[in-house]
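Scroll down for the structure; my scribbles are underneath it.
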Amino acid sequence: MSLLPVEEALLRVVKGLKPLSAETVSLGHARDRVLAEAVTANLTQPPFDSSAMDGYAVRGADVKDLPATLKLVGQSAAGEGYAATVGAGQAVRIFTGAPVPRGADTVVPQENVDAEKDTARVTIREAEPGRHIRPHGQDFHRGETVLEAGALMGPRQMMLAAAANTTSLKVRKKPIVSILATGDELVPPGFDPAPDQIISSVPYGLCALVLSAGGEADMLGIAEDTPDSLSSLIAAAADSDILVTVGGASVGDRDLVGQVLQAEGMTLDFWKIAMRPGKPLIFGTRGKQRVLGLPGNPVSAMVCAHVFLRPMLARMLGLPDRDAVRQTAILAGPLKENGPRQHYIRATSKWNGAGERLVSPQTSQDSSLMAAFAKADCLIVRAPEAPAAERGETVSILPLDL
Ligand SMILES: Nc1nc2c(c(=O)[nH]1)N[C@H]1C(S)=C(S)[C@@H](COP(=O)(O)OP(=O)(O)OC[C@H]3O[C@@H](n4cnc5c(N)ncnc54)[C@H](O)[C@@H]3O)O[C@H]1N2
Ligand code: MOO
């Protein structure tokens, strides 16, 4: 039986997903949110012609012939301008960011001036009139769209929204992702595990991934490998946008997750795909909810989350899918020919003097190895049946750091 290709699975997983509705947040809470509505400037920036230098505001005509000795008549500081008009033969001491007084059309940097108590002697011509003045509105004008709907509010966008004197913004609601670990062997971090128990680590990785991709995580805890335990926790996630389960996806006697999800109303779309790691991935829908049943091996679960969950969240936020733009790197070591499943090979990167990314596959690709996975910074994406590749060849990669 040939397995579903990853590209086809990805199309099915994001099919029909639309940006969520909007909510209003204060500027202080807008960081990393996605704009649902454009931001319009509430004022003009700069609000006046502003000096770009510490120096002297003069009339250009007065400094045509040098040296020129001008009468120092006052000062314009940021926050406290010079109220009068600069007349012929006059200069006003001015500081960076201060309003250029009426009458002046040029700022001469102080390095070019010998100043006495009452005079400013301009000795060096720097440039034509108008120099070192930032005109009113040079950055943006009141009423102008400064940020488009769909923009991600990173540091630069936060600064601009603040500069535009915005106090609240309409942003996309965060997709809520419920995360359910499954397995009788699991105990939460902080417990002293019995000899046959292990710590449930995957939900912590998934939670971090969800948060950094702009979602909200709802940690449901650990379900035992019984239909009752699974059912009750799956039912608790009824209102979330996405339900993610971890483990119990394979073919073992205790791998009940797929069955119980269906009993709880999930319509199965696919189970098992041509992917390595991650073959036993389950996907289905439950009303408006999307359900991802991730394999339990920690690396498999996280690789599936990078490949499928991130694009789902991007769709729900109205963001472009960053991973759709394939990045490439240069192989620092050889790779064997690939088998029938798309292989996501954990790798570490170095950059050479030319700025090229050189990627070294890790020695062991076992999907249980969390320590090695934490050292990897990208996945080399190998198409099914790709031929052996030599050092120096260009390969597709999926960066792991968000
Ligand atoms: N006969 C076959 N056996 C297996 C197959 C197969 O096709 N035929 N597939 C293998 C592959 S590939 C994977 S991946 C695993 C996935 O199995 P499950 O999804 O059923 O996962 P579990 O058996 O529940 O767990 C696997 C492994 O991961 C550990 N685990 C589970 N949950 C967590 C957690 N929350 N935190 C940390 N570690 C977790 C679990 O203890 C197991 O060690 O199946 C293969 N077998
Ligand atoms: O495909 Mo499993 O997900 O290799 O470990």
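Given the structure is predicted, the values throughout are model-derived calculations rather than measurements. Remember, it's 1-based here, ligands and their atoms both numbered in the order they're listed.
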Starting from [atom], which protein heavy atom do you reach first, and at what distance in Å?
| atom | result |
| --- | --- |
| atom 21 (O) of ligand 1 | Gly296 N, 3.2 Å |
| atom 23 (O) of ligand 1 | Asp255 OD1, 4.1 Å |
| atom 7 (O) of ligand 1 | Lys279 NZ, 3.4 Å |
| atom 38 (N) of ligand 1 | Ile198 CD1, 3.6 Å |
| atom 34 (C) of ligand 1 | Val202 CG2, 3.6 Å |
| atom 15 (C) of ligand 1 | Asn297 ND2, 3.6 Å |
| atom 8 (N) of ligand 1 | Val251 CG2, 3.5 Å |
| atom 42 (C) of ligand 1 | Glu185 OE2, 4.2 Å |

- Message: Side chain, backbone, both or neither: which applies to Arg341 and ligand 2 if a contact is any heavy-atom pair less than 4.0 Å apart?
- Response: side chain

- Message: Looking at His141, I want to see if its NE2 is surrounded by more than 12 non-hydrogen atoms of other residues, nucleotides or ligands under 6.0 Å.
- Response: yes

Does some non-hydrogen atom of [X] fall short of 4.0 Å from ligand 1?
| X | value |
| --- | --- |
| Gly183 | no |
| Pro277 | no |
| Ser300 | yes |
| Val257 | no |

Show me which atoms of ligand 1 lie under 4.0 Å from any heavy atom of [X].
| X | value |
| --- | --- |
| Ile199 | 36 (N), 37 (C) |
| Pro295 | 14 (S), 16 (C), 19 (O) |
| Pro203 | 35 (N) |

Return a yes/no value for [X]: is any of its N or O atoms, backbone included, closer than 3.5 angstrom to an N or O of ligand 1?
| X | result |
| --- | --- |
| Pro280 | no |
| Gly278 | no |
| Val246 | no |
| Arg341 | no |
| Ser250 | yes |
| Ser201 | yes |

- Where does Ala301 meet ligand 1, judged by heavy-atom distances below 4.0 Å: at the side chain, the backbone, both, or neither? neither

- Item | Those residues that, when tested against Asp32, pass side-chain contact (heavy atoms from CB on, under 4.5 Å) (two or more places apart) | none

- Do any N/O atoms on Met275 end up under 3.5 angstrom from N/O atoms on ligand 2? no

- Message: So if I apply the side chain to side chain contact (heavy atoms under 4.5 Å, CB included) rule between Leu209 and each of Ile179, Leu309, Val244, which one comes out positive?
- Response: Leu309

- Item | Option passing side chain to side chain contact (heavy atoms under 4.5 Å, CB included) with Arg33 (candidates Arg172, Lys174, Gln157) | Lys174

- Query: For ligand 2, which atoms, with element, lie under 4.0 Å from some heavy atom of Ser367?
  - Reply: 4 (O), 5 (O)

- Going by the atom numbers of ligand 2, which of them fall below 4.0 Å from some non-hydrogen atom of Lys279? 1 (O), 3 (O)

